[in-house]
Asker: 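One structure coming up, written as structure tokens, with questions to follow.
Only a predicted model underlies this, so the values are computations on that prediction, with no experimental measurement involved. The chains referred to below are lettered A, B, ... by the order of the sequence lines, with proteins before strands, and numbering in each begins at 1.
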Amino acid sequence: MTPKPTLLKIFDWLSVICLIVATYLALVFAPTELVMGQVQRVFYFHIGTAWVGLLGFIFSALLGIVYLVTKDMKWDIVEVAAVEISVVFFFITIVLGAIWARPAWNTWWTWDPRLTTAAITELVYVAYFMLRAGIEDPDRRARFGAVYALLGGLSAPITFMAIRLFRSIHPVIIGAANENQEKMSMSGDMRVVFFFALFAFTVIFIDLFWNRIRLGQLQEKVERLKLKVM
Amino acid sequence: MQLRPSFLKATLAVVRKDLSAEFRSRELLSAMLVFSMLVILIFNFALELEPATRKEVSAGVLWTTFAFAGTLGLNRSMAVEKDRGCLDGLLLAPVDRSAIYFGKVISNLAFMFIVEIIVLPIYSMLYGINLFNPGLLLVILLGSIGYIGVGTLLASMAVQARTREVLLPILLFPIVIPVLLSAVKASSGFLTGAPMTEIMPPLNLLIVYNLIFLAIAFMTFDQVVEE
């Protein structure tokens with residue numbers, strides 16, 4: 001077994017530090033929002049986890065294509081790692097969003113396009129794992145997983161467009177908003193915390209991603225050794 | 001004799017095989033039909049379909065019925081191939097694999113259309129709504145193509161898994177939500193007589209979805225049936 005690379009160890013520590021600093025910045029350093037009050041602090045982690053969650057889903061669709069072209073098992077391991085981490089992060093995003101929505105919108109959940117798309121996307125990737133769990137042959141499992149990751153990655157933006165045919169109340173913080181949406185703006189300090197949270201979660205994502213890929217490689221090794229014994 | 005039949009010929013051969021098998025046993029169609037009737041009856045009680053609100057909810061009830069009946073048909077049509085080893089035979093044929101996919105799509109679509117053609121007049125009769133609206137029929141055509149196109153690909157994956165029948169709806173529904181949403185939106189637009197500017201966006205979305213997913217299925221079907 002190859003020892004853990006030093007760079008990965010550094011990343012492990014870096015992500016712990018980043019998480020602590022980001023928590024401090026979000027809970028203490030960031031100014032309290034005027035309208036929403038303390039609960040707005042959840043926003044920094046909400047965006048951070050959403051960003052890495054989406055990143056992983058996009059990765060998995062691209063890795064699905066790479067696997068289908070190359071048929072190299074290593075890409076399947078990377079794809080599973082991306083989906084698995086993103087499912088967890090995305091779930092955290094949804095929960096944090098619900099915590100924010102309770103005081104802000106006076107409800108835990110609304111059928112807004114973003115919320116609905118997020119829920120459906122999460123279900124797509126839960127289905128992804130159910131599909132994989134039902135197939136024993138590793139090659140077939142990898143092929144089906146790749147095809148399904150590709151389909152899921154394509155359908156998510158179309159789902160968003162389909163639901164947008166109805167009106168949205170989700171605040172738009174980055175980028176242009178259309179006239180009927182409330183636009184929130186951030187002060188300078190908030191922006192610092194916001195970008196640090198994005199950075200922190202990117203580091204955490206890379207660290208977990210790397211560890212999970214290593215775990216996948218070790219799992220594959222164990223499978224191979226088992227087959228050799230039998 | 002030509003050894004490698006053309007793509008169209010191969011596709012039509014698969015369609016002919018499916019249709020003649022189905023018209024002899026009629027097990028798939030009768031199951032889908034009876035099931036659709038039951039779903040409509042259950043909705044009647046579950047939603048208390050009042051005459052005043054019927055127009056708005058009819059599109060939703062119809063599409064839910066089609067979606068449920070569709071999974072039943074898709075599951076069955078692929079399970080038959082798998083159980084009796086027909087799929088291996090099909091794969092051995094010296095034809096492009098995507099011809100098999102399109103053949104299955106066309107025959108599944110045919111079953112879906114037959115069910116829809118029977119359900120629509122019965123629904124109109126039971127609830128006193130005129131569903132014979134050319135716009136609605138167009139939406140049903142487009143929606144069914146998208147649904148069956150993705151469904152056939154996913155059904156051929158699901159039958160190869162351990163949990164097969166249970167797996168198909170779980171795999172299929174989150175992916176076809178754009179189809180169902182825009183189909184419901186466009187259908188209820190046509191039923192309530194909404195202006196065309198309101199109906200066009202979901203209709204365009206349906207067309208785009210169909211093109212994208214039929215192309216993806218065309219490219220990936222090979223990988224799904226490969227042994």
Asker: Mind ranking A:R141, A:R140, A:E136, A:R132 by heavy-atom pairs under 4.5 Å with chain B and telling me who comes out on top?
Answerer: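 Max contact count across the listed options: A:R140.
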Asker: Look at B:L205, B:I212, B:V176 and state which one has the largest set of heavy-atom pairs under 4.5 Å with chain A.
Answerer: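 So the answer, after comparing B:L205, B:I212, B:V176, is B:L205.
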Asker: Is the centre of the A:F57 ring less than 6.0 Å from the centre of the A:F90 ring?
Answerer: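 Close enough - the centres of the two rings lie under 6.0 Å apart.
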Asker: How about B:F102 and B:F221: are their ring centroids closer than 6.0 Å?
Answerer: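 That pair fails the under 6.0 Å test.
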Asker: We want to know whether B:S58 and B:Y127 form a side-chain donor-acceptor pair, criterion being a heavy-atom distance below 3.5 angstrom.
Answerer: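 Per modelled atom types, B:S58 and B:Y127 side chains form no pair under 3.5 Å.
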Asker: Between B:L206 and chain A, which part of the residue has a heavy atom less than 4.5 Å away: side chain, backbone, both or neither?
Answerer: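 For B:L206, no heavy atom lies under 4.5 Å from chain A.
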Asker: Answer with yes or no whether the side chains of A:T110 and A:W105 bring together a donor and an acceptor at under 3.5 Å.
Answerer: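 Checked: A:W105/A:T110 side chains show no N/O donor-acceptor pair below 3.5 Å.
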Asker: With only heavy atoms counted, which part of A:A133 is less than 4.5 Å from chain B, the side chain, the backbone, both or neither?
Answerer: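 Answer is backbone: N, CA, C or O of A:A133 sit under 4.5 Å from chain B.
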Asker: Which atoms of B:E198 are under 4.5 Å from chain A, going by heavy atoms: the side chain, the backbone, both sets, or neither?
Answerer: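 B:E198 has no heavy atom closer than 4.5 Å to chain A.
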Asker: In terms of heavy-atom pairs under 4.5 Å, which option from B:A158, B:P202, B:A217 contacts chain A the most?
Answerer: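 Among B:A158, B:P202, B:A217, the one with the most close pairs to chain A is B:P202.
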Asker: Using a distance-only test with no angle check, is there a side-chain donor-acceptor pair under 3.5 angstrom linking B:Q223 and A:Y67?
Answerer: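 Side chains of B:Q223 and A:Y67: no pair found under 3.5 Å.
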Asker: Under a 3.5 Å threshold, yes or no: a donor from one side chain and an acceptor from the other, between B:Y101 and B:R97?
Answerer: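 No pair is found: no donor N or O on one side chain lies under 3.5 Å from an acceptor on the other.
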Asker: Side chain, backbone, both or neither: which part of B:I170 has a non-hydrogen atom closer than 4.5 Å to chain A?
Answerer: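 For B:I170, the contact with chain A is made by backbone and side chain together.
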Asker: Taking side chain as everything from C-beta outward and backbone as N, CA, C, O, which of these in B:I175 sits under 4.5 Å from a heavy atom of chain A? Side chain, backbone, both or neither.
Answerer: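 Both backbone and side chain of B:I175 come within 4.5 Å of chain A.
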Asker: Please look at B:F173 and chain A and tell me whether the side chain, the backbone, both or neither of the residue comes under 4.5 angstrom of a heavy atom of that chain.
Answerer: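 Contact with chain A is absent: no heavy atom of B:F173 under 4.5 Å.
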Asker: Output the option from A:T121, A:D139, A:L131, A:I135 having the highest count of non-hydrogen pairs under 4.5 Å with chain B.
Answerer: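 Top option by heavy-atom pairs under 4.5 Å: A:L131.
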Asker: B:N130 and B:S124: side-chain donor and acceptor closer than 3.5 Å?
Answerer: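 On atom types as modelled, these side chains do not qualify, holding no pair under 3.5 Å.
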Asker: Check whether B:L171 gets within reach of chain A through its side chain, its backbone, both or neither, counting any heavy atom under 4.5 Å.
Answerer: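 It is both, since atoms from each part get that close.
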Asker: I need the single residue from A:V87, A:V95, A:V88 that forms a side-chain contact (heavy atoms from CB on, under 4.5 Å) with A:F91. Which is it?
Answerer: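 That would be A:V95.
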Asker: Tell me, for A:V147 versus chain B, whether the close heavy atoms (under 4.5 Å) come from the side chain, the backbone, both or neither.
Answerer: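 Only the side chain of A:V147 comes within 4.5 Å of chain B.
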